[in-house]
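Everything quoted here is computed from the prediction, not taken from an experiment. Atom set for the values below is all heavy atoms of this structure, side chains included, hydrogens, waters and symmetry mates excluded.
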Amino acid sequence: MSNAYDLLRSSARDLIAATGIAPAASIQLAEPKQRELADLAFAVFPIAKELGQPAPDVAARIVDAIETSGTVFRSVEAAGGFVNFKVDTGALATQLYADIAAAPDAFGHDASLGAGQTIIVEYSSPNIAKKLHVGSLRTTVIGHSLYKIHKALGYNVIGDNHLGDWGTQFGYLLAAIEDSPTPPWEDAEPVAAMMKMYAEFYQASEEDPDKKTRARAWFRKLEEGDVWARSIWQKLVDISMTEFDTIYKRLGISFDTTLGESWFEPMLGPLVDDAIAKGVATIEESGAVSVHFDDKYPSCLLRKTDGATLYQTRDAATCIHRWNTYAPTRNVYVVGAEQRLHFQQVFEFVRRMGYTEIADCSVHVKFGMVTGANGERFKTRKGNVIFADEILDEAVRRATEKIMEQVVTGRSEVSQPDDIERVAETIGLGAVIYFDLHQGPERNIAFDWEKILAFDGNTGVYLQYMYARCCNIVRKAGGVPENDDSSVLTTDDERALVVQLSRITGAVRDAGARYAPSAIANWTFELAKDFARFYDRCPVLGADDPAVRDARVKLCDAVATGIKSGLSLLGISAPDRM
RNA sequence: CCGCCCGUAGCUCAGUGGAUUAGAGCGUUGGCCUCCGAAGCCAAAGGUCACAGGUUCGAAUCCUGUCGGGCGGACCA
């Protein structure tokens, strides 16, 4: 499959190789930081060293031997030890438009990379009976983007929502419900009510050992299949899922499989026995079962003294189950960085159990925690947690306000209440999602309403705004012209747009290789900035030459496709007017 | 005490196969709506890339050490 990105690189490589000065294998091409210098550059230093000649001389000789006419390049120059290529806007645009025409909804995708391979992305994975909060939003949004990025790379992707639906906490909740005159599902905010009941009962149990005993007993009954416990538990799961699904639907997210931890319960006993039989795990004097990793990692526990299993046990069972079911080439977990050791232990345990393939391809995509504005941790007990629905609602509320302001000053392209509501939703959610994705995932983020809901600068809104402007131009032009000739595009601003558009393939591959949606965000932001500058300096509809006008309209349409494609990979939608 | 992550402009961050003059957003200062949407554009000020060594013709980038911040270190998840 050819595309503008690969064409550019293979052309440059072929031209350089044809000079006979540098062997094809040694030709590494780079995108210079200063865009005025070149669109694509070759640093000759390594081969100059091999030849024992000064780098500037080698670069000059290569440039002298290259003829760019008839290629996608307009010029090639030697500068120091660099061979600097500049593209021919018209030639590259022709390839770009062919790429877009071939697959308008898949611009920048490269299905060859992951063809025939399955990848699992575990993300969101909320706890039942707890509301989605800022942290849940991060894994959900990052995971969804990684899901889409890998689809774009041709993988068969399985999105897995691994629910936290099992554990001692349900014993507490069952005991609390037993005591309470009104069940949580009769509350207007049922999941919030569950959290409250749990927290209160847990706190009370700290002083009342009897409550603790009852809670443990209820969890044991749940495990044993007690009818009441089981039915109440199912109700908690169903009600929580209903609330979660509302948010997922809002964000445009769905999962291919939603197996909770409870689903793996039957596999845990046999797994622990197998681990002991294989000598991977050992039975301690206390009766607990543990795994020792020598000096590599601290030891971990598979089974407690009281016979109950742990998080590690369940994740190991899940991992093995995935291998047996899907035989994936990648098994990705989008989970907070604080669980790093946990996953190292799980993967190592699974490896020692003989499942080396899944152990080798399992990846923990770690993201930093969201802290309060002052850097302190959010704690449910402290009551300073911010919930996902609050954030989304507030974002949409502010977007509505902003649109109304634009309507009043006559700068909005929407005015009907239905349209305003729809666009505000798109803008508000876009702002929140983009904020979570625009920087590398590993950093901690201090939560700040003003930043998360900012509408200026490097924000989702900026990208949506530029998209809407592109659409507006194409709309006013009466559509994309049938016949266009991009050779009339001669300004640096136009060339910058075409070059940036061609780089989407690299951004998508990089995002997949590094599990970094931010690579897509950065590419899209650069494209939008290039467009803003072009918009300001190059009249489209008012161009003097009709040929230039047509070519620019066509270019605007391509930019719209590019921004939309980038946003889509982030899980953000783009309104064609706002 | 041990392990991992982070340290780049006042703030938040890009830059991760070493390579042309270290970039962006916010904030600050100044300019731009009789011209396709000012949620925008242009310009200016602002950095010893935490610090110290080392490798290299060349280091924000690789190695070692130090300091500072965060996270983790079996019967929670």
Could you tell me whether [X] contacts a base, only the sugar-phosphate backbone, or nothing, with contacts defined as non-hydrogen atoms closer than 4.0 Å?
X: K366(A); value: nothing
X: R411(A); value: base
X: K476(A); value: sugar-phosphate
X: R514(A); value: base
X: G336(A); value: nothing
X: A532(A); value: sugar-phosphate
X: Q464(A); value: nothing
X: Q406(A); value: base
X: F525(A); value: sugar-phosphate
X: C538(A); value: base
X: M578(A); value: base
X: N127(A); value: nothing
X: A468(A); value: base
X: I427(A); value: base

Charged N to carboxylate O below 4.0 Å: is that the case for [X] and [Y]?
X: K451(A); Y: D456(A); answer: no
X: R314(A); Y: E261(A); answer: yes
X: R397(A); Y: E394(A); answer: yes
X: D550(A); Y: K554(A); answer: no
X: R35(A); Y: D530(A); answer: yes
X: D39(A); Y: K86(A); answer: no

Nucleotide range of RNA chain B lying under 4.0 Å from chain A heavy atoms |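 Contact boundaries, 5' end first: rC4(B) to rA77(B).
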Evaluate the criterion salt bridge (Lys or Arg N to Asp or Glu O under 4.0 Å) for residue pair R422(A) and E425(A); output intermediate values, then yes/no.
-> CA-CA 5 Å; R422(A) 185 174 43 79; E425(A) 177 82 5; over 6 Å; no
Dot-bracket for RNA chain B, please, read 5' to 3', with Watson-Crick or G-U wobble pairs under 3.5 Å on both distances, ( ) within the strand, [ ] crossing, | other strand, . unpaired.
-> ((((((((.[[[[.).......]]]].(((((.......))))).....(((((.......))))))))))))....
Is the distance between the ring centroids of [Y] and [X] under 6.0 Å?
X: F531(A); Y: Y467(A); value: no
X: W233(A); Y: W166(A); value: yes
X: H133(A); Y: F378(A); value: no

Could you work out the separation of rG27(B) and rG68(B) based on their C1' atoms and round it to a whole Å?
->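 Per the computed distance, 26 Å lies between those C1' atoms.
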Could you identify which residues of residues 36-45 of chain A place a heavy atom less than 4.0 Å from some atom of RNA chain B, listed by residue number, or say none?
->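 Nucleic-acid contacts, sorted: L37(A), A41(A), F45(A).
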Quiz item: cation-pi between R469(A) and Y535(A), 6.0 Å / 45° | yes
Donor-acceptor pair between H292(A) and S290(A) side chains, under 3.5 angstrom | yes
Syn or anti for rC62(B), with syn set at within 90° of 0?
-> anti
